[in-house]
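Chain identifiers are assigned alphabetically (A, B, ...) following the order of the sequence lines, protein sequences preceding nucleic acid strands; residue numbering begins at 1 within each chain.
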Amino acid sequence: MAERSFDTTIPKAYDAKSVESRWYAEWVDRGYFRADPTRVSKDRPPFCIVLPPPNVTGALHIGHALQQTLQDVPIRRRRMQGYETLWLPGTDHAGIATQVVVERHLRSQGVEDPRSLGREAFVDRVWEWKEQYGNRIVEQMQALGNSCDWSRLRFTMDEQLSRAVRVAFVRMYEDDLIYRGERIVNWCPTDQTALSDSELEHDEVEGELVTFRYPLSDGSGHIDVATTRVETMLGDTGVAVHPDDERYRHLVGKTVRHPFSGQDLPIVADSAVDPGFGTGAVKVTPAHDATDFETAERTGLPRLNILNGDGTISDAAPGGFAGLDRYEARRRVYQVLRERGLIVKEERPYVHSVGRCYRCHSEIEPWLSGKQWFVAVSRLAGPAKEAAESGRVRFFPLRWVGPYTAWLDNLRDWNISRQLWWGHRIPVWYCEDGHEFAAVEDPDTCPECGSGRIEQDPDVLDTWFSSQLWPFSTLGWPDETDDLRAFYPTSVLVTGYEILYLWVARMIMSGLYLVSPGSTRTGDPIPYEHVVIHGLVRDEKNRKMSKSLGNVIDPLEVIERFGADALRFAVVRLASPEQQNYPMGLRDADAGRNFANKIWNAARLVFEAAPEVGVREIRAPKSASLLQSWLLSRHEACRAEVDQAMEEYRFDAAAIALHRFLWSEYCDWGLEMAKPALYEGTDDRRTSTWGVLAWVLERTLRLLHPIMPFVTEEIWQRFEAGESIVVAPWPEPHWEHRDEDAERRVSFVEEVVSSLRRFRSDHDVSPSRSISARVIVEGDRREALESLAGEVRRLARLDALDITDETLDSRGSARLVVQGAEVLVPLAGVLDPAVECERIRRRLLDLDGDTVRAEQKLANEGFLAKAPAEVVEAERRKLEGLKEERAGLDAQLVELGCADDAAGSPGER
RNA sequence: GGGCGCUUAGCUCAGCGGUAGAGCGCCGCCCUUACAAGGCGGAGGACCCAGGUUCGAAACCUGGAGCGCCCACCA
């Protein structure tokens, strides 16, 4: 044999760590991830994803790894398909979240009251924090292998993006979509800011429902009201009943006397009251309840704010409760009412839901906190709903359209002002003469009166106000940039369902409103064409991952132990869109690590078996042998499956298909059956076999590359088929390789091998002991078996294999039936007949069940009449085969001398 | 009070009209010159329950149960 020219120094075990660190830097250096809008053309369509920006504050967790891999996979595939791809990365300043983290940090550093630093100094400290930790996210993303265009890294508080925020605000302000008003807001007493409705979490708690009595001022009676927050009665300014409620109609217009203030509170009629709940009368606390606020608006009741921003009772409250914490006040108010005999009923526990701050989980207070800014949503919601219903934006899975439109239907105005320092300051100024105006650029004077004494609104905008602009502000909006024209609308948004409302819906609303159709590539201002919604990663016990539970998995730790490819594979395989939770532990990366190693070693075999001539040439093979046709056919089937799955964003299915093909087909059968040709074959046979193995492997690596970029690149380089797999073309279909005959024939051969292996195992024949076999089979399956006889001998460890189409005397042999063909294994005194009888009996048991079922089916006239002909025919053939096998096995039992305990035929049982 | 999702092998999940699949785990045997991060063989399932549609249902329809989630101004 000629000396081989291949590299035999490839290490036995795949070392993800060293491979991964080498390649990522190389890819970035070569500029593979950089998008260029000028390259976009008819033949080179754009494909763009903007990364949902992680918060600058934290480190990435495993959920980010999932989400990002789900973006990198389509990005890498489209890049290979020749699209001009842009994956635009960035981070979010995350107003409240960051401010809270930095405040906590400062406190730990001895700054007791961070707000005492003053606005400017505090904001400086946050920027310092951001500079320090913002990069960690980038490093993590690079370790994952994400193919982002780092030259376009954005941050929501970048100058350009901040200008976008101001332009958006001013435009909406001038169009009356943003207004300032005094309304009840959700107030977080811990973070001391207002929150939008979407920033609340709802939580069921076991509280109390206390019913107490208000005496009528004229002493003629009383009226009872119920509440779960009895302290709010300090802020009651009236009592409401339903206008049609006969029980109370005569009381409307009278007043009750407040037990602490002594003031007279009017009894009013309002149809918002549900006469069926409680007593049918409601205490009205306009400053601390959204419903009551509206009731008060309609009925003219005054507002009395009895809470301070920190959740303590204010001086405005009667009865000497001022200064008490709200929970303490609840107990005290209850006590005093009780002492005065005014409590008429108590229910404890009373389960009801409370709103909590989505950042710090404190119970929020509905509160009147002066004027707040709102976005009027009614004009925005309609087009956003239409876009989803008409399919201009498509949801994957489709079922999310329902919740999305339902949310838009019930939308209330969006509170966008936050009493924080970290964020985009509201671009509105007030002059001393009471004029109010919004401006994109910082003004010096009031445009109305020219006064220089102007002051900017102290509040900042809700983080989500800037986030909603993300898909276009990152591309240069409000300028009509090349990026915008080339890549907007973006192609896909990949995100979790938890921010469907908070973010996705708002991006669609604002995109449709703000972006001018003429500046986009399609003339549609919609931010993206597809929205892919995935679930959330949980821990192994399916609990939410959180720092306080200590069950957070750091992607870097997984990468360190198993490699980025392993993590990516694990996470993609989990990400079924039907599931809302993905439980995951560290060990789940095992399978991916093993898979990478398996591919590595398969490649090692292929390269080490490379024939001397034509080693590096990979040509589209012309199918030759049965084995080659089979492998090409199976590979093409896999390719088609992967393509389809990826088009449908079923990356889980794509990952499983690739795993199955490579491991169970390519390695277990393809490589194993190729060994005789590779090691003992003629030069021709060796070369052609190797050619197919290499061709298939090289293409499969490309199919797998989007999911496991590193190991595929490392191996692919050895083919010297191009510069990098990152920019190698995506495998084109080769439908002509599908060969169902070859698949059918090889599957017969596989089953012959399996049946012999099982036989060996059943009889405890050690691998070192030889057995021989004779197979009786006709037609093309016989040809198949003959052409693969050497391979079968090797795989089943036979020292002899006879193949014939003549009936043979089966005496003295075990009979195995494979797809109707007989496989005879001479017992030759080496095997225990009792064991063989047992084996046959076990088989007969299964056989009987199958036979009965088949017979019943074929006896069913409906089945014969209505089932498709091929189904009926298949059933007939099956029954026939079963009967033949049964006859053979019965004969065998007789021969082995254990027929006595053999069961009768199925019909007689 | 509405709505959505899930319920399939010990665990985590695919399958979504033609007699049950994967990964991990488990039990045997095997260091067979790609891989012990491996090979070969195996065990293990009233596909939540009850009705219905159908020749045929894990799959489709109706109802129910359990779990999870979302929405909602029951004070």
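- Across B:rA75, B:rU19, B:rG41, the shortest atom-to-atom separation from the side chain of A:Ser761 is found for B:rG41.
- Remark: A:Glu560 pairs with A:Lys17 by the salt bridge (charged side-chain N to carboxylate O under 4.0 Å, His left out) rule, at least two apart or across chains.
- For the C1' atoms, the distance from B:rA57 to B:rA46 is 14 Å, rounded to whole Å.
- Comparing A:Glu294 and A:Leu882 against RNA chain B, the residue whose closest nucleotide sits nearer the 5' end is A:Leu882.
- The residue A:Ala591 sits close only to the backbone: its heavy atoms come under 4.0 Å of sugar-phosphate atoms, none of a base.
- A glycosidic torsion no more than 90° from 0 defines the syn conformation, and B:rA46 adopts it.
- Among the atoms of the strands shown, base atoms are found under 4.0 Å from some heavy atom of A:Val273.
- Using a 4.0 Å heavy-atom cutoff across all strands shown, A:Arg760 reaches no nucleic acid atom at all.
- The distance between atom CD of A:Gln580 and atom P of B:rG3, rounded to the nearest whole Å, is 17 Å.
- Scanning both residues, A:Arg303 and A:Pro286, for their nearest heavy atoms gives CG-CB, 3.9 Å.
- Across all strands shown, the partner of B:rG1 is B:rC71, judged by Watson-Crick or G-U wobble contacts whose two distances both fall under 3.5 Å.
- Positionally, the nearest nucleotide of RNA chain B for A:Ala653 lies more toward the 5' end than for the other of A:Lys857 and A:Ala653.
- Only the C1' atoms considered, B:rG64 is 14 Å distant from B:rU7, to the nearest whole Å.
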Within the sub-3.5 Å range, which N or O atoms of nucleotides 33-38 of chain B have a protein N or O partner, and how far apart are they?
residue, atom, partner, partner atom, Å
B:rA34, OP1, A:Lys675, NZ, 3.2
B:rA34, OP2, A:Tyr679, OH, 2.7
B:rA34, O3', A:Arg604, NH2, 3.1
B:rA34, O2', A:Asn601, OD1, 2.7
B:rA34, O2', A:Arg604, NE, 3.3
B:rA34, O2', A:Arg604, NH2, 2.7
B:rA34, N7, A:Lys675, NZ, 3.3
B:rA34, N6, A:Glu672, OE2, 2.9
B:rA34, N3, A:Asn601, O, 3.2
B:rA34, N3, A:Ala602, N, 3.2
B:rC35, O4', A:Asn601, OD1, 2.9
B:rC35, O4', A:Asn601, ND2, 3.4
B:rC35, O2', A:Asn597, OD1, 3.1
B:rC35, O2', A:Asn601, ND2, 3.4
B:rC35, O2, A:Lys598, NZ, 3.0
B:rC35, N3, A:Lys598, NZ, 2.9
B:rA37, O4', A:Asn594, OD1, 3.3
B:rA37, O2', A:Asn597, OD1, 3.3
B:rA37, N3, A:Arg593, NE, 3.3
B:rG38, OP1, A:Asn594, ND2, 3.1
B:rG38, O3', A:Lys598, NZ, 3.1

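- Between A:Phe212 and A:Tyr214, the ring planes are perpendicular. Angles over 60° get that label, and only those under 30° would be called parallel.
- At distances below 3.5 Å, at least one donor-acceptor pair connects side-chain atoms of A:Trp600 with backbone N or O atoms of A:Pro11.
- Across the protein-nucleic acid pair, A:Arg412 atom CZ and B:rC73 atom C1' stand 6 Å apart, rounded to whole Å.
- Using N1 to N3 plus N6-O4 or O6-N4 for Watson-Crick, or N1-O2 and O6-N3 for G-U wobble, each under 3.5 Å, B:rC11 pairs with B:rG23.
- Among the heavy atoms of the strands lying under 4.0 Å from A:Tyr350 are primed sugar atoms or P, OP1, OP2 only; no base atom is included.
- A pairwise comparison of heavy atoms in A:Ala596 and A:Met708 identifies CB-CE, 3.9 Å as the closest pair.
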